[in-house]
Amino acid sequence: MKKGYIVFVLALVLFIMTGCSENKTQTVKIAIMGNDAKFYPGFKEGIEKAAEDVKSEYEDSGYNIEYEFYDDGGSYERGSTIIDELSDDKSVTAVIGASNMEINKTAAYIFDKKKKLFIVPYFLYDSVYSDNHYTTVLSMCHSAKTVGEMLRQAAAKTDARRWAVCTADSEFERAEMNGFLQYRENDGITVVDCADIVSIKNKFDETYKRWEALGVEGVIMLPRSNEGFEILKMLKRRNPQLVCGGDTAFDNSSLLAADEELRQAMTGFIIADEFPKRILNGEDKVRLTEILKEYKNTTGKDLDSWYFQGYNAFRMAADTAIENKTCNSLEIAQLLHKNGYRGLIQDFGFDEYGAQTQKSEIYYVFEATGTATEYKFAEQE
């Protein structure tokens, strides 16, 4: 009788403890790295809006949502210190990556070693995927090689057949160039010259004469920052019919607004988006219109694509954690590997290395007004 009573008491205690555990409020904490003074337009606002929406939607879920920005000031040394701090902080469920690819490269190694979810809404070197088998590092952007391939697809839809490619002498841009060079040999395009973008600027006349002799009709430019704009204007002064294209380094609305010659030079310019974007259905379009209006009314600015990167990075971690009732970084990473994530105007999928598998279904061509028109790859096939 005594033994049975003890067993009953122990069972009761376990029941009470289990019940408390189930009802205990849990916290999903998300850390955001980056240079606070140089966040891309709309990125921070996207994160803040996502946090607001998540708190509202999951108010009765038993989960708290916390987030904190960690400012690296653009310094690799400061970024490394933040990485060490966050990797040892067991309260942090997920980390959203910085804009500095060198910081992200180090962070990927450290966070994967500690099995902490690391979501990168900016860019990673392609070698981070190919040289490693990370389980908790997820990229929201296309690889550089994929960007080059998409540019090749878009270029093949123009009338230009003979192309030159010029690129910055850095790992990411060289990988973009290789994607362009190696994609589809039977698409009717011939690449007749490759050059370093700095040497083109310094020896423009010599380069242009060579391109004239080679019959260049189109130029793909892959600069590291803003150096491509002046080269583009120089090319268009010589040949306004030249077809040009590049990556989102050329997507700079403030420069276009301030420079009429640049707007004209950008007319017909092709841009392949680094972000996976789906073709929107009617419901998506209604929601997007509402978001654009609300953002304009709140900030007085037009919404930038970086808003969606910030919004979806935050929600990807928070939604997956709460809907699956786990704050375990490794579990959340495994779920995202398996299921991907359907976000706001974007869908994401990840291969076994964490590289992005979803391709953008659209590319852009700039108009004389400075705005860009979407074209669907599928309709052009």
Side-chain angles (χ1 to χ4, degrees), residues 28-58 65-72 74 92-101 103-104 107 117-124 138-142 248 251-254 271 273-278 280 283-323 332 336 340-350 356 358 360 362 364 372 374:
V28 177
K29 183 176 179 182
I30 300 174
I32 304 100
M33 297 179 62
N35 184 353
D36 191 61
K38 293 187 177 179
F39 276 130
Y40 287 121
F43 178 75
K44 190 172 184 178
E45 291 90 338
I47 285 176
E48 291 168 341
K49 177 60 175 170
E52 178 187 318
D53 288 350
V54 167
K55 286 178 182 179
S56 173
E57 290 174 31
Y58 295 111
I65 308 296
E66 294 181 1
Y67 68 101
E68 186 173 349
F69 289 94
Y70 291 80
D71 185 6
D72 60 39
V92 173
T93 310
V95 181
I96 295 176
S99 58
N100 184 307
M101 283 191 278
I103 293 176
N104 285 339
L117 176 61
F118 182 50
I119 297 173
V120 187
Y122 297 100
F123 311 104
L124 283 167
L138 303 177
S139 173
M140 292 173 65
C141 288
H142 298 313
T248 51
D251 186 7
N252 191 318
S253 54
S254 59
I271 284 188
D273 204 335
E274 275 96 343
F275 312 141
K277 288 181 181 172
R278 64 175 179 265
L280 304 184
E283 186 179 334
D284 286 330
K285 289 177 181 177
V286 169
R287 190 177 180 200
L288 179 58
T289 301
E290 291 171 351
I291 291 167
L292 293 171
K293 268 188 197 176
E294 181 185 353
Y295 189 86
K296 182 78 170 181
N297 291 337
T298 304
T299 67
K301 301 175 184 176
D302 291 325
L303 186 143
D304 191 277
S305 293
W306 284 106
Y307 175 94
F308 302 108
Q309 289 294 102
Y311 187 92
N312 287 325
F314 192 96
R315 293 218 56 162
M316 185 185 303
D319 288 345
T320 306
I322 299 171
E323 289 171 6
I332 298 167
L336 286 167
Y341 180 76
R342 185 172 179 82
L344 184 61
I345 81 163
Q346 296 174 286
D347 293 330
F348 300 96
F350 308 97
Q356 185 53 228
Q358 293 290 325
S360 180
I362 57 177
Y364 300 92
E374 292 182 0

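All figures in this text were calculated on a predicted structure; none of them were measured in a lab.
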Requested in this report: Sorted by first residue and then second, give each side chain to side chain donor-acceptor pair (under 3.5 Å) pair with at least one member in residues 285-299; sequence neighbours left out.
Outcome: K296-D302

Query raised in the report: So how far is it from L336 CG to T320 OG1, rounded to the nearest 0.5 Å?
Result: 4.0 Å

Query raised in the report: In Å and rounded to the nearest 0.5 Å, what is the CG to CE distance from D71 to M33?
Result: 10.5 Å

Query - Charged tip of K44 within 45° of F69 ring normal and under 6.0 Å - result: yes

Query raised in the report: Using 30° and 60° as the class limits, which term best fits the ring planes of F275 and F123: parallel, tilted or perpendicular?
Result: parallel

Report summary line: Taken to the nearest 0.5 Å, the spacing of W306 CH2 from I47 CD1 works out to 11.0 Å

Query - Point-to-point distance, once rounded to the nearest 0.5 Å, from CG of L344 to CZ of R315 - result: 9.0 Å

Requested in this report: List for me each residue that meets ring pair (Phe, Tyr, Trp, His ring centres under 6.0 Å) alongside F314, sequence neighbours excluded, and say none if there are none.
Outcome: Y67

Requested in this report: Measure the CD1-CZ distance between I32 and F39 for me, rounded to the nearest 0.5 Å.
Outcome: 7.5 Å

Report task. Quick one: pull up CD1 in I271 and CD in E374 and give me the separation to the nearest 0.5 Å. Result -> 12.5 Å

Requested in this report: Report the C-alpha distance between M101 and Y122 in whole Å, list the side-chain angles of each, state the deciding distance to 0.1 Å, and finish with yes or no for side chain to side chain contact (heavy atoms under 4.5 Å, CB included).
Outcome: CA-CA 8 Å; M101 283 191 278; Y122 297 100; over 6 Å; no

Query raised in the report: Residues in ring pair (Phe, Tyr, Trp, His ring centres under 6.0 Å) with Y70, at least two apart?
Result: none

